[in-house]
Amino acid sequence: MHAEEMRWGQVPDARVAFHGCPGHSSLSTSERTNLPDPVAPEVRYRDARVRYVLASQLTAREGEEECADPPTA
């Protein structure tokens, strides 16, 4: 993502979560340019760039029981 200018009124509560069955393993990472982590409210960030990578895979094994109801948020 690239933005010439960005500003937040309040600091966002951003999260990444995975739920469900079968099991899984995952990895996520980001590289930021001109954008701190976390951002500050009411600060203008210019020429900001974020490169985000997400990888996930199912890890169910043969014979594993299926999940009951999925969790709710």
Side-chain angles (χ1 to χ4, degrees):
M1 181 278 319
H2 173 249
E4 291 181 18
E5 183 174 287
M6 300 176 84
R7 180 181 67 83
W8 284 266
Q10 62 184 25
V11 177
D13 181 18
R15 302 176 204 192
V16 176
F18 299 93
H19 304 280
C21 291
H24 63 275
S25 66
S26 60
L27 166 72
S28 66
T29 185
S30 65
E31 297 172 10
R32 296 167 173 245
T33 302
N34 297 330
L35 192 64
D37 186 16
V39 295
E42 303 301 332
V43 173
R44 291 188 190 276
Y45 299 100
R46 292 182 171 80
D47 193 25
R49 296 176 187 267
V50 177
R51 180 174 182 250
Y52 184 76
V53 176
L54 169 69
S56 185
Q57 69 179 11
L58 299 176
T59 58
R61 296 186 181 115
E62 190 172 322
E64 266 187 339
E65 287 187 30
E66 291 192 25
C67 289
D69 295 331
T72 57

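This chain uses plain numbering: 1 for the first residue, then up along the sequence.
In the displayed structure, Glu4 atom CD is contacted under 6.0 Å by at most 12 heavy atoms of other residues, nucleotides or ligands. Within 6.0 Å of the CZ atom in Arg51, the count of heavy atoms belonging to other residues, nucleotides or ligands does not exceed 12.
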Which side-chain N or O atoms in residues 7-15 pair as donor and acceptor under 3.5 Å with protein atoms at least two apart or in another chain?
| from | atom 1 | to | atom 2 | distance (Å) |
| --- | --- | --- | --- | --- |
| Arg7 | NH1 | Glu42 | OE1 | 2.6 |
| Asp13 | OD1 | Arg15 | NE | 3.2 |
| Asp13 | OD2 | Arg15 | NE | 3.4 |
| Asp13 | OD2 | Arg15 | NH2 | 2.8 |

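Annotation: the span from Asp37 atom CG to Arg32 atom CZ amounts to 4.0 Å, rounded to 0.5 Å.
In this structure Asp47 satisfies the side chain to side chain contact (heavy atoms under 4.5 Å, CB included) test together with His2, Asn34, Arg49, sequence neighbours excluded. Scanning for side chain to side chain contact (heavy atoms under 4.5 Å, CB included) contacts around Thr29 gives Val53, with sequence neighbours left out. With sequence neighbours left out, Gln57 forms a side chain to side chain donor-acceptor pair (under 3.5 Å) with Ser25. Here Ala40 pairs with Val43, Tyr45 under the side chain to side chain contact (heavy atoms under 4.5 Å, CB included) rule; sequence neighbours left out.
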